[in-house]
Amino acid sequence: MSAASIEQPFSLTAIADEIMERHPGYRVEIIGGHLLATPSPDAPHARALTKLMRPFIAAGLDDGETEVLQNVAVWLPTGDEDYVIPDLVVVDADIDDHFVENNAYDPVCFRLVLEVTSSNWKDDLKTKVGAYAQANVPVYVVVDRKHQRLHVLTDPAEGDYGNHRVYSPGESVTLPDSIGAKVALDVTAIIEAGRSRRT
């Protein structure tokens with residue numbers, strides 16, 4: 001009598017959970033069936049994120065019809081287990097009604113996603129562009145600390161963004177009204193906040 005072989009299902013979600021359990025503070029995302037693991041952000045990353053939240057909150061986007069949240073996962077249409085965890089989001093206030101699984105939410109309730117780059121800056125500027133566009137997230141903002149610029153991508157269609165503007169220090173960015181309010185970002189202040197103060 002031979003023993004029957006038992007197949008174990010392959011689960012990227014289980015691997016992602018194991019990585020996060022073994023490496024507390026790591027952010028693990030799954031895009032296009034590939035795992036992306038990012039170490040804990042540094043203080044300048046957090047400082048830039050705090051600086052960024054203020055204009056969204058001051059514009060009233062954290063009350064009423066929308067909320068301003070950090071580290072909320074977007075469920076992606078790119079694969080059965082795919083999700084990404086942006087640093088900052090503007091979402092519809094009924095986000096809880098759009099829960100999918102694995103602490104991720106249907107992209108239909110996201111008005112804006114924002115990433116502040118770390119060591120994984122190429123993922124934020126390439127891999128995630130296609131992922132967010134395929135999910136039809138209307139506005140994607142990237143604070144590119146490596147190149148000292150701010151990117152605003154809008155008009156998602158066919159896995160890419162139709163409009164990609166790059167802003168440098170000294171410029172101000174007014175985000176699209178589709179996020180729910182007028183929000184202007186001071187590129188210099190954001191880039192400065194994201195710089196290391198170590199000497």
Side-chain angles (χ1 to χ4, degrees), residues 7-23 25-41 45 49 52 66-92 94-147 149-166 175-176 178-179:
E7 284 191 31
Q8 294 290 335
F10 180 77
S11 168
L12 287 173
T13 304
I15 295 169
D17 291 343
E18 185 175 332
I19 292 169
M20 289 185 290
E21 186 176 312
R22 290 183 181 201
H23 303 281
Y26 267 65
R27 177 182 300 177
V28 181
E29 301 162 303
I30 304 171
I31 302 175
H34 298 280
L35 289 168
L36 299 177
T38 307
S40 299
H45 180 283
L49 200 52
L52 279 159
T66 57
E67 293 183 81
V68 179
L69 305 172
Q70 294 182 31
N71 302 316
V72 175
V74 181
W75 193 257
L76 297 174
T78 54
D80 291 342
E81 298 180 278
D82 287 7
Y83 66 92
V84 66
I85 308 169
D87 292 315
L88 184 73
V89 298
V90 175
V91 293
D92 294 339
D94 68 349
I95 185 171
D96 294 319
D97 296 336
H98 298 281
F99 180 80
V100 178
E101 63 182 72
N102 199 31
N103 291 329
Y105 297 83
D106 190 313
V108 71
C109 64
F110 289 79
R111 296 183 182 201
L112 172 142
V113 295
L114 186 146
E115 300 278 8
V116 177
T117 62
S118 294
S119 58
N120 65 333
W121 60 272
K122 288 181 184 176
D123 290 328
D124 292 334
L125 291 171
K126 294 182 181 176
T127 308
K128 292 183 182 180
V129 170
Y132 287 132
Q134 285 184 5
N136 284 315
V137 175
V139 181
Y140 177 32
V141 177
V142 183
V143 177
D144 179 0
R145 295 193 301 156
K146 178 159 180 71
H147 302 102
R149 299 183 296 203
L150 190 139
H151 299 253
V152 177
L153 296 91
T154 58
D155 306 320
E158 299 178 19
D160 202 359
Y161 282 94
N163 188 11
H164 182 168
R165 293 271 325 265
V166 180
L175 296 174
S178 63
I179 65 171

Atom pair OG1 (Thr127) and NZ (Lys122), whose distance is rounded to the nearest 0.5 Å = 10.5 Å

How long is the gap from OG on Ser11 to CG on Asp80, to the nearest 0.5 Å?
-> 10.5 Å

Kindly indicate, with the supporting measurements, whether the criterion side chain to side chain contact (heavy atoms under 4.5 Å, CB included) is fulfilled by His164 and His151.
-> CA-CA 7 Å; His164 182 168; His151 299 253; 2.7 Å; yes

Going by heavy atoms in the side chains, are [X] and [Y] under 4.5 Å from each other?
{"X": "Gln134", "Y": "Leu76", "answer": "no"}
{"X": "Val166", "Y": "Leu150", "answer": "no"}
{"X": "Leu114", "Y": "Val89", "answer": "no"}
{"X": "Val72", "Y": "Tyr105", "answer": "yes"}
{"X": "Asn102", "Y": "Tyr83", "answer": "yes"}
{"X": "Glu115", "Y": "Lys128", "answer": "yes"}
{"X": "Thr66", "Y": "Val91", "answer": "no"}
{"X": "Tyr161", "Y": "Tyr132", "answer": "yes"}

What closest approach, in Å, do [X] and [Y] show between heavy atoms, and which atom pair accounts for it?
{"X": "Asp87", "Y": "His45", "value": "OD2-NE2, 3.3 Å"}
{"X": "Tyr26", "Y": "Ala37", "value": "CD2-CB, 4.1 Å"}
{"X": "Trp121", "Y": "Thr117", "value": "CB-CB, 3.7 Å"}

[X] side chain vs [Y] backbone, donor-acceptor pair below 3.5 Å:
{"X": "Asp82", "Y": "Gly33", "value": "yes"}
{"X": "Asp94", "Y": "Asp97", "value": "no"}
{"X": "Arg27", "Y": "Ile85", "value": "yes"}

Mind running side chain to side chain contact (heavy atoms under 4.5 Å, CB included) on Leu88 and Leu49 for me, showing each step along the way?
-> CA-CA 8 Å; Leu88 184 73; Leu49 200 52; 3.8 Å; yes

Let me have the donor-acceptor pairs involving side chains of residues 135-143, under 3.5 Å, with sequence neighbours excluded, atom names and distances please.
unit_1	atom_1	unit_2	atom_2	d
Tyr140	OH	Asp124	O	2.6

Of the options Val84, Val113, Val74, which is the one that meets Pro107 in a side-chain contact (heavy atoms from CB on, under 4.5 Å)?
-> Val74

Side chain to side chain contact (heavy atoms under 4.5 Å, CB included) between Leu175 and Leu112, intermediate numbers included = CA-CA 10 Å; Leu175 296 174; Leu112 172 142; 4.0 Å; yes

More than 12 heavy atoms of other groups within 6.0 Å of His34 NE2 | no

Are Trp75 and His98 close enough that their ring centres sit under 6.0 Å apart?
-> no

Candidate pair Glu29 and Leu35, rule side chain to side chain contact (heavy atoms under 4.5 Å, CB included), full reasoning = CA-CA 6 Å; Glu29 301 162 303; Leu35 289 168; over 6 Å; no

Applying salt bridge (Lys or Arg N to Asp or Glu O under 4.0 Å) to Asp92 and not counting sequence neighbours gives Arg111

With Glu18 via salt bridge (Lys or Arg N to Asp or Glu O under 4.0 Å) - residues at least two apart | Arg22

